[in-house]
Amino acid sequence: MNRFKVSKFRHTEARPPRREAWISNIRAGTAPSCRNHIKSSCSLIAFNSDCPGVLGIVPLQGQGEDKRCVAHLGCHSGEWVKLWRLPGPSQAMPSAPGVVLGPEELPVEVLQFHPTSDGVLVSASGTTVKVWDVAKQQPLTELAAHGDLVQSAIWSRDGALVGTACKDKQLRIFDPRAKPQASQSTEAHENGRDSRLAWMGTQEHLVSTGFNQMREHEVKLWDTRLFSSALASLTLDTSFLGELVPALGLSSDSFQGEKQLYCYEVVLQQPVLSPVTQCVLESVLRGATLVPRQVLAVMSCEVLRVLQLSDTAIVPISYHVPRKAVEFHEDLFPDTASCVPASDPHSWWAGDNRQVQKVSLNPACRPHPSFTSSLVPPMEPVPDTTQPAVTKTPVGDTDPTEDFSSPPSSLTSPSTPSSLGPSLSSTSGIGTSPSLRSLQSLLGPSSKFRHAQGTVLHRDSHITNLKGLNLTTPGECDGFCANKLRVAVPLLSSGGQVAVLELRKPGRLPDTALPTLQNGAAVTDLAWDPFDPHRLAVGGEDARIRLWRVPPEGLKEVLTTPEVVLTGHMEKICSLRFHPLAADVLASSSYDLTVRIWDLQAGVERLKLQGHRDQIFSLAWSPDGQQLATVCRDGRVRVYRPLRSPEPLQEGPGPEGGRGARVVWVCDGRCLLVSGFDSRSERQMLLYEAESLAGGPLAVLGLDVAPSTLLPSYDSDTGLVLLTGKGDTRVFLYELLPESPFFLECNSFTSADPHKGFALLPKTECDVREVEFMRCLRLRQSSLEPVAFRLPRVRKEFFQDDVFPDTAVSWEPVLSAKAWLQGATGQPRLLSLQPPDMSPALREAEAGGSPEVRSSRPLLNAMVAKLGNRDDPLPQDSFEGVDEDEW
């Protein structure tokens with residue numbers, strides 16, 4: 001190439017679309033991965049949703065004026081490779097994969113199909129790279145082990161070679177049919193943080209992205225014939241991870257977390273990476289991919305189309321070369337590979353190097369030959385009695401997670417929550433009619449709380465001007481504690497001071513110092529006595545537990561002398577938990593690896609539990625107060641019967657990560673919920689059957705990646721659990737079930753700024769007239785604000801007894817400490833939350849409802865019947881079209 005010859009792409013311009021062309025109101029996931037989080041075919045787009053293990057599927061092209069619908073496919077792959085056949089626009093998503101490969105020892109990070117042979121797949125998991133024969137469901141070969149995590153594995157364009165990039169900074173070239181060892185290797189980038197590969201149009205050239213020692217992003221061009229050094233190198237001033245997407249002679253670089261998209265032309269003759277254009281994005285980029293060349297608007301000279309994945313939208317960005325004539329330009333659009341494979345796995349493995357036939361992009365030469373692989377059998381019709389594994393949401397209308405719970409694969413494993421089953425919850429405001437039950441069968445299992453709305457109450461109820469909060473409390477502490485009268489908040493000042501705030505006296509606190517409790521040692525945890533709202537237990541770093549009595553009118557002066565001091569632990573206190581039924585019984589854990597149970601009336605230790613081998617992260621009493629569960633840093637969950645033995649009754653595997661964990665009893669004491677981290681620092685929930693811990697969790701649900709431990713708050717009346725961490729802005733809400741589907745996702749609560757703690761108040765604080773089923777307190781850096789969780793119901797004049805069952809009187813003890821220690825048991829009495837002037841909604845529904853409800857029921861039945869008859873032709877199918885000649 002003449003060095004003075006100008007490029008045909010020099011005037012290429014990026015054209016971001018108008019917002020009307022965005023695929024909006026999606027929720028993209030942020031799970032760690034070595035890939036792009038989004039892929040596109042000629043008809044569909046698949047992307048990682050914010051529900052772990054679930055893909056969002058959306059059509060690439062809109063259908064007329066109709067809004068595109070996002071379908072959710074529950075994959076939950078993890079260590080498995082699953083192949084699915086996606087249906088047409090009018091069909092339901094499959095409930096099970098067609099082919100399953102694996103399992104691998106570690107999660108599969110990279111996948112790519114062979115470019116010329118149908119049924120050949122390369123996968124990377126940890127340090128292992130395998131080439132699979134999908135039809136036989138077995139590997140053809142396993143490439144030699146890499147020195148560290150494989151970050152990229154990609155086929156050359158002719159399908160003869162595999163290039164890999166690894167965290168050990170090495171770039172390797174394999175000929176998998178010749179030998180499993182690398183034929184060539186070289187150091188690609190000086191920093192092993194992240195690296196990606198892409199082959200150019202020839203077998204000899206490829207591009208890599210990575211980081212140098214200065215943590216600047218590098219792009220390098222390589223020639224496999226001169227592999228010792230790069231042909232060309234380019235440094236970009238950014239510290240974000242790069243996603244390389246090649247096409248034509250251009251390459252497009254995008255960076256996760258950035259708002260810029262770079263486009264370069266790869267000129268092999270010089271060689272050089274020549275900048276073409278740069279696009280500034282409206283939103284932060286989470287992933288990017290190219291659409292296939294067959295769907296480009298070639299008559300308008302669209303040479304490239306990038307799909308940008310953001311948190312809430314997919315944005316198509318087109319690159320056009322301005323040309324005056326509206327015609328097909330062969331210089332811009334050379335022939336491209338068709339979708340018909342050239343060989344099968346057996347022939348390719350035997351040495352067949354036939355290439356895929358090329359087709360012209362000229363519209364006059366279409367249609368192109370089509371191909372349907374036989375690897376995954378076609379879907380069978382789903383019987384009416386089964387429920388679909390997917391819900392479809394019109395993009396731009398509603399929240400895609402409102403009617404969605406993660407559906408399972410056909411393989412149930414401890415890391416795969418099996419989730420298809422009958423809907424266990426009512427969704428009606430008054431009752432569940434047959435038409436609504438039919439509608440539920442179409443949408444799949446869902447929670448009646450899925451439309452829950454979290455709202456911060458009016459500023460008049462806030463406590464503001466908080467100063468000097470201790471924001472570095474230990475991970476085992478919730479940060480603060482509350483009852484229906486008061487809030488106790490540790491302060492940063494020396495001496496372990498604790499401020500006590502009166503909830504009945506909201507408003508701005510004075511600028512002067514507040515009266516406090518002088519604990520004498522740094523606070524590690526604190527808890528209010530459920531049966532005595534004026535007594536506060538505070539654990540300290542001096543291994544002592546102090547019991548303070550707050551005057552009924554509140555703190556008026558500094559208190560320096562506690563009511564009782566409990567001594568016995570040898571190391572600092574970790575956690576404090578009061579007994580749920582017996583008065584004056586407190587359990588405490590310590591860094592001395594013991595759990596001690598105290599008789600507060602006598603001020604002495606009664607029981608000591610042993611068996612832990614590392615730090616105790618959390619402990620929890622069972623609802624009947626007979627058992628105590630702990631989760632430990634040694635990766636074990638234990639259950640004790642304190643009155644029988646100091647050793648654990650049973651134990652089982654806990655979270656793999658050692659950064660922190662919490663445990664709570666759920667489902668009327670039948671199950672244990674543990675929140676923690678996996679080996680990749682992803683936050684997750686694990687649900688155990690309390691009677692069989694050794695068998696591992698019933699289900700595992702990954703949530704997101706964040707540094708703080710999830711703090712669960714469980715409401716036994718509704719079966720709902722709130723999960724959030726100190727420093728988070730989002731509060732997850734799930735309904736828990738002791739059987740499949742285990743987790744039903746509800747609307748989460750999101751705030752603009754991070755909170756320092758989140759506490760659940762007693763059920764009696766809820767406003768049942770507004771269908772408020774939870775009230776919480778949110779601690780911010782300088783204020784405390786109440787948050788109400790409500791259900792939108794139409795007939796609020798009725799008491800929603802399906803939402804408010806009789807609640808336990810948790811503020812009255814059932815037993816004394818002496819009686820419990822002697823083995824006595826009991827049950828709390830129940831209290832109805834129904835106001836005297838309201839009648840139950842279910843009774844109204846059984847009577848047939850109001851006249852308005854009775855009159856609208858035939859219309860609703862007709863609408864549901866029409867929804868269920870999806871095979872009927874649409875009215876527009878019978879319309880006559882217009883001949884092509886008339887156009």
State, to 0.1 Å, how close V666 and Y714 come at their nearest heavy-atom pair, and which atoms those are.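 What the structure gives for the nearest pair is CG1-CD1, 3.5 Å.
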Smallest separation among heavy atoms of M774 and L722, with atom names: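 That closest heavy-atom pairing would be SD-CD1, 3.6 Å.
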Verify whether one side chain among [X] and [Y] offers a donor that lies under 3.5 Å from an acceptor in the other.
X: S49; Y: H72; result: no
X: R683; Y: S708; result: yes
X: R596; Y: H569; result: yes

Before you tell me yes or no, could you show the steps for L609 and R638 under side chain to side chain contact (heavy atoms under 4.5 Å, CB included), namely the whole-Å CA-CA distance, both residues' side-chain angles and the distance that decides it to 0.1 Å? CA-CA 11 Å; L609 309 181; R638 296 174 174 87; over 6 Å; no
Please identify which of these residues, H755, R778, R775, meets the side-chain contact (heavy atoms from CB on, under 4.5 Å) condition with V787.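 Among the candidates, only R778 passes.
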Side chain to side chain contact (heavy atoms under 4.5 Å, CB included) evaluation trace for L711 with K726: CA-CA 8 Å; L711 311 178; K726 290 184 284 188; 4.1 Å; yes
Y734 vs F743 aromatic rings, parallel, tilted or perpendicular, using cut-offs 30° and 60°?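 The rings of Y734 and F743 stand perpendicular, inter-plane angle above 60°.
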Please verify the inter-ring angle class for F789 with F758; under 30° counts as parallel, over 60° as perpendicular, anything in between as tilted.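 Answer is perpendicular, since the angle exceeds 60°.
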Do [X] and [Y] make a side-chain contact, defined as non-hydrogen atoms from C-beta onward lying under 4.5 Å apart?
X: F732; Y: V721; value: no
X: R641; Y: Q626; value: yes
X: P738; Y: D668; value: no

CD (Q781) with more than 12 external heavy atoms under 6.0 Å: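 Open.
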Between OG1 on residue T594 and NZ on residue K608, distance to nearest 0.5 Å: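 Spacing of OG1 (T594) from NZ (K608) equals 6.0 Å.
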Quick one: CG on L693 to CG on L672, what's the gap to the nearest 0.5 Å?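 Result: 6.0 Å between the selected atoms.
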For T630 and Y640: C-alpha separation, side-chain torsions, deciding distance, then whether side chain to side chain contact (heavy atoms under 4.5 Å, CB included) applies. CA-CA 8 Å; T630 66; Y640 293 81; 3.9 Å; yes
So, using ring-ring contact (aromatic ring centres under 6.0 Å, His included) as the criterion, who are the partners of F773 when residues are at least two apart?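 Applying ring-ring contact (aromatic ring centres under 6.0 Å, His included) to F773 gives F449.
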Show the atom names and distances, to 0.1 Å, of all donor-acceptor pairs under 3.5 Å that link a side chain in residues 651-659 to residues at least two apart or in another chain.
unit_1, atom_1, unit_2, atom_2, d
E651, OE1, R636, NE, 3.0
E656, OE1, S679, N, 3.4
E656, OE1, S679, OG, 3.3
R659, NH1, S681, OG, 3.3
R659, NH2, P707, O, 3.2

